[in-house]
Amino acid sequence: MSRFKCIGILTSGGDAPGMNAAIRAVTRSAIYNGMRVKGIYRGYKGLITREIEEFFNQNVSNIIQRGGTILKTARCLEFKTPEGRKFAYERLQEEGIDALVTIGGDGTLTGARIFAQEFNFPIVGLPGTIDNDLYGTDTTIGYDTALNTIMECVDRIRDTATSHDRLFFIEVMGRDAGFLALNGAVAAGAEAALIPEISLEKDQLAEMIENGFRKSKNSSIVLVAESEVTGGAMGVAERVKKEYPQFDVRVSILGHLQRGGSPTAQDRILATRMGVAAIEALLEDQRNVMIGLQNNQIVYVPFSKAIKNDKPINRDLLNTLQVSSI
Ligand code: ADP
């Protein structure tokens, strides 16, 4: 029997498809193990505004296939202050919540880490972000769905790009990480990916054009990670218009449609495995860890490691992309 009587669960930061599948798995696994569950709405904000509700099995019925998060999400500035966190801690005590499962990205885990240390409070985190930019896990909840959405969008844009002999720059999300752009480019058969990890080292655009990447083609598609380093699709297109006016350039920014949609099988399975693992971790007295997946095995990654380290992209894939798109 667990020493925890009641766990709280919240989703915070950017939403990602599969968060609902994770909420479902955490709730059911906690109840299965004899704990009560309280859903906290709008991330850390719900702790301040007391938007907290007891969850039973039926609260999480029929949500595994739904995008977004039934618990909603929000940014919470108060939680970044010691007073705000103290207030949040008092609400947890009032509610009888003795452990937390937080689902979100880098910021969410950073908040969890600070709070856990300040109040010696047990927290387990799940990596929920389409960006796949958390260290210590091969993939994050929502990433596969976003990648598939990007692939479908690029397929559609390719139809029109081909008809008009155009060069398309398609901007995808990823904050400062190139996972979506690089893997999306490989999956959709794009000609190139401009990603911050590489743009920091060299002028990817100049190199790409000087290497005559379009020699035998009329139309081309290049995925660009949204980032100050790459300049985003708009920045890149402006540059091309000035420096290489021979190209008929167009831009498409995929934007928020990348966040939505029903999660893929892979994301549902990942979220369910991680949700169950979060409760197992608490039962094993693990705390202040993020659940990760490495080589298809569940692992516990200390918050400090997950947050501090930059996850490296797979550089072999750049070569794969180049070779497969000549
Ligand atoms: P994500 O989790 O997707 O990276 P954010 O960076 O917006 O999203 O973080 C989500 C929330 O986590 C913030 O609104 C805030 O409540 C909390 N948070 C982020 N950074 C900190 C921090 N340094 N200290 C305390 N709380 C934080």
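Counting starts at 1 for both ligands and their atoms, following the listed order.
- The aromatic rings of Y143 and F179 lie perpendicular to each other, with more than 60° between the two planes, well past the 30° mark.
- Atom 26 (N) of ligand 1 has its closest protein heavy atom at G111 CA, 3.4 Å.
- At least one heavy atom of I114 sits under 4.0 Å from some atom of ligand 1.
- At a 4.0 Å heavy-atom cut-off, ligand 1 touches T108 through backbone and side chain alike.
- When the options G128, P127, G107 are ranked by their closest heavy atom to atom 9 (O) of ligand 1, first place goes to G107.
- Atoms of ligand 1 lying under 4.0 Å from any heavy atom of D106, numbered from 1 in the order shown and given with element: 2 (O), 4 (O).
- For atom 8 (O) of ligand 1, the closest heavy atom belonging to the protein is R75 NH1, 3.0 Å.
- For the pair K38/C6, a side-chain contact is recorded, criterion being any heavy-atom separation below 4.5 Å from C-beta on.
- Of the protein's heavy atoms, G14 N, 3.0 Å lies nearest to atom 3 (O) of ligand 1.
- Annotation: atom 11 (C) of ligand 1 to nearest protein heavy atom, S12 OG, 3.4 Å.
- Ring to ring, Y44 and F115 are not that close: their centroids are 6.0 angstrom or more apart.
- Not one N or O on the side chain of R36 forms a donor-acceptor pair closer than 3.5 Å with the backbone of E54.
- Annotation: atom 21 (C) of ligand 1 to nearest protein heavy atom, K80 CE, 3.6 Å.
- With hydrogens left out, the protein atom closest to atom 14 (O) of ligand 1 is C76 N, 2.7 Å, a heavy atom.
- Counting heavy atoms of neighbouring residues, nucleotides and ligands inside a 6.0 Å radius, atom CZ of R66 does not exceed 12 of them.
- For atom 23 (N) of ligand 1, the closest heavy atom belonging to the protein is T110 CG2, 3.6 Å.
- Annotation for D310: atom CG does not count as buried by contact number, only 12 or fewer foreign heavy atoms lying within 6.0 Å.
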Yes or no on salt bridge (charged side-chain N to carboxylate O under 4.0 Å, His left out) for R315 and E201, after CA distance, side-chain angles and deciding distance? CA-CA 13 Å; R315 285 175 184 250; E201 295 166 11; 2.8 Å; yes

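- By the criterion of a heavy-atom distance under 4.0 Å, both the backbone and the side chain of F79 are placed next to ligand 1.
- When all heavy atoms of I195 and T230 are compared, the pair lying nearest together is C-CG2, 3.7 Å.
- Residue E118 forms a side-chain hydrogen bond (donor to acceptor under 3.5 Å, both in side chains) with just one option from K86, R85, R113, and that option is R85.
- The contact set between ligand 1 and Y44, taken as ligand atoms under 4.0 Å from a residue heavy atom, comprises 12 (O), 16 (O), 17 (C).
- Close contacts of ligand 1 with G13, meaning ligand atoms under 4.0 Å from a residue heavy atom, involve 1 (P), 2 (O), 3 (O), 8 (O), 10 (C).
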